[in-house]
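Residues take their numbers from the sequence shown, with the count starting at 1.
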Amino acid sequence: MCPEICINENLKNPRQEEKIENENGRDPTLSNAAPTRKVLLQTLVVRLSGENKMKHIRVLIDSGSSKSYLTNFAIKEMRYECIAEENLTHSLFGGKETAETHKRCLISLSDFSDKYRCNFEVLNQEVICSGILRIPRGNFIKEIKKHKIFLSDLNSQVDLLYQFSPDEIHGLIGADVLGKLYTGNIKQLKSDLVLEETRLGWTLMGKTDAGDSTDSTNSVMSLHVNDAKISDLWRLDTLGILDPGEKGTRQELEKAAEEHFNRKAYEGVFSEWLQEGVIEEVKNYCNDKSDHYLPHRAVIKENSTTRVRPVFDGSAREKNSPSINDCLEKRQNTVELIPAIMNRFRFKKIGVVADIRRAFLQIGLSELDRPYLKFLWWEEEDPAKPKVFQHRRVVFGLSCSPYLLGATIRFHLQNVPHNFEKTATLLLESFYVDNCVTSVDDHEELEKFIEDSKTILSTAKFELRGWEHSYSDLESYDLLPPEGKSISVLGLRWHLKTDSLTIDLRDCV
């Protein structure tokens with residue numbers, strides 16, 4: 001790791017102030033940024049003891065850091081108290097200097113089995129480094145077992161203390177403490193990895209061989225190929241038809257043709273999104289192995305205004321890695337409960353429903369967030385010509401998306417002109433995600449509600465469409481609904497002419 005300099009300028013203590021000599025060190029926030037995944041760093045799972053509680057955390061050993069650190073999150077969870085403050089000037093790689101004030105705390109650590117305990121002082125730090133993957137499974141594991149060595153960070157099932165992801169590092173043990181922890185016991189493995197013993201447990205470091213690579217790029221590409229290979233969705237041999245002229249039945253050929261149509265429609269959606277600014281191509285792309293790509297596939301929904309649509313999976317993950325949804329704050333659930341909405345839907349004389357056209361795609365994303373929402377595509381159906389796109393709008397498959405949509409709708413409904421307040425209040429309690437479900441007393445109120453709702457939400461670029469309503473007062477309507485017409489309302493079948501709700505038990509199987 002690159003050497004950096006950390007200069008202790010002065011120490012502030014309630015009892016005394018003393019000048020500290022310059023000492024070599026590094027800034028942990030930058031020097032320990034997430035490494036290439038083929039290189040294993042010295043990580044441990046240790047016990048952190050505090051006031052009437054004990055938690056397991058992951059720590060990183062860094063002999064290039066002159067100080068030891070603990071994250072603010074861990075300090076708060078363990079209720080450690082500040083015993084002093086220390087001003088540091090960090091001279092980082094490249095010569096840039098930054099001055100920071102750190103709080104100093106006394107902590108208690110023990111090894112995984114609680115056989116060895118030690119107390120030492122650490123400095124607080126908001127983030128020590130990016131998440132570091134746990135020790136992966138590989139060919140070297142058999143060799144380690146022969147030595148009868150236990151690695152605490154080898155996919156252990158222990159309940160870790162973490163804020164967003166179990167890959168988080170919440171402690172850094174620097175040179176100020178490390179010399180007392182090393183036992184001098186080192187074992188060189190045939191795979192060029194090195195085992196080194198500390199009093200807190202064994203650590204593993206070095207480069208893994210090709211068979212032990214933890215690189216996620218190939219598996220992400222594989223997922224993309226398996227789920228979204230364009231040509232495979234209509235190639236006849238994929239469907240099991242080796243010779244369509246001789247063996248292909250009419251049904252198989254029709255199925256192939258339909259899948260070909262659906263795939264073309266799927267491509268058409270992306271083309272439309274690109275033109276409308278929903279997505280953008282990443283130019284001059286550099287293949288960073290730490291990049292994340294959203295897997296996606298086409299979903300066919302018959303009898304829908306959008307028959308073919310791409311669906312992105314924010315919960316897809318690799319083994320021992322978090323998904324993007326694991327790293328997102330999804331906030332509280334603000335979606336109205338279905339029974340409450342259905343009660344209001346049946347409360348007044350005329351039921352009315354509508355939905356927002358492409359609701360999530362109307363909400364823009366910050367430029368800083370877009371690189372985390374990249375996905376892969378093939379140019380001209382050729383795997384040798386991958387293209388990289390990223391989203392500019394909110395993605396439905398993310399855990400935070402329902403909250404973002406609800407918050408956006410609430411913001412606009414709570415800031416309407418005075419003459420729209422009554423309609424806005426009714427809309428506020430009528431939305432289930434992007435579906436508006438409510439009821440009104442008469443035809444005059446219905447017309448006003450529809451007109452005002454369109455006007456209010458148009459300011460947010462939301463288009464309310466698909467308006468349907470019951471026909472209780474038949475004399476007020478020139479056109480009656482077709483006999484037997486029904487639509488789906490939150491999972492139930494709503495028969496417009498009779499204004500009745502039914503459920504098909506076959507849909508529940």
Output the distance between atom [atom1] ([X]) and atom [atom2] ([Y]), rounded to the nearest 0.5 Å.
X      : Y      : atom1 : atom2 : value
Leu44  : Leu204 : CG    : CG    : 10.5 Å
Tyr372 : Leu328 : OH    : CG    : 11.0 Å
Ile61  : Thr198 : CD1   : OG1   : 4.5 Å
Cys118 : Leu200 : SG    : CG    : 5.0 Å
Arg104 : Glu121 : CZ    : CD    : 4.0 Å

Any non-hydrogen side-chain atom of [X] less than 4.5 Å from a side-chain atom of [Y]?
X      : Y      : answer
Arg358 : Arg393 : no
Val394 : Thr408 : no
His170 : Leu48  : no
Leu88  : Leu123 : yes
Leu193 : Ile144 : no

Do side-chain atoms of [X] reach the backbone of [Y] as a donor and acceptor pair under 3.5 angstrom?
X      : Y      : answer
Ser323 : Arg317 : no
Arg58  : Asp167 : yes
Glu168 : Gln163 : yes
Asn124 : Lys103 : yes
Arg199 : Lys180 : yes
Lys76  : Phe73  : no
Thr71  : Val127 : no
Lys53  : Arg79  : no

In a check of side chain to side chain donor-acceptor pair (under 3.5 Å) between Thr203 and each of Glu196, Gln42, Glu197, which one passes?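 Only match with Thr203 under side chain to side chain donor-acceptor pair (under 3.5 Å): Gln42.
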Which atoms form the tightest heavy-atom contact between Pro402 and Phe360, and what is the distance?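 For Pro402 and Phe360, the tightest heavy-atom pair comes out as N-CE2, 4.0 Å.
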Taking all non-hydrogen atoms of both residues into account, name the closest pair between Asp153 and Arg134 and its distance.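 In this case the closest contact between Asp153 and Arg134 is OD1-NE, 2.6 Å.
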Identify the residue among Trp377, Phe312, Phe375 that makes a ring pair (Phe, Tyr, Trp, His ring centres under 6.0 Å) with Phe389.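 Passing option: Phe375.
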Do Glu85 and Thr101 meet the criterion of a side-chain donor-acceptor pair at a distance under 3.5 Å?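 Not at all, the side chains of Glu85 and Thr101 share no donor-acceptor pair under 3.5 Å.
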Any side-chain donor near an acceptor of the partner, Ser165 and Asp326, under 3.5 Å: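 There is no such pair between these side chains.
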Can you check salt bridge (charged side-chain N to carboxylate O under 4.0 Å, His left out) on Asp176 and Lys67, steps first, answer last? CA-CA 6 Å; Asp176 56 335; Lys67 293 291 184 179; 5.4 Å; no
Start with the C-alpha gap between Lys207 and Asp192, add the side-chain angles, then the distance that decides, and say whether salt bridge (charged side-chain N to carboxylate O under 4.0 Å, His left out) holds. CA-CA 7 Å; Lys207 286 187 177 181; Asp192 291 334; over 6 Å; no
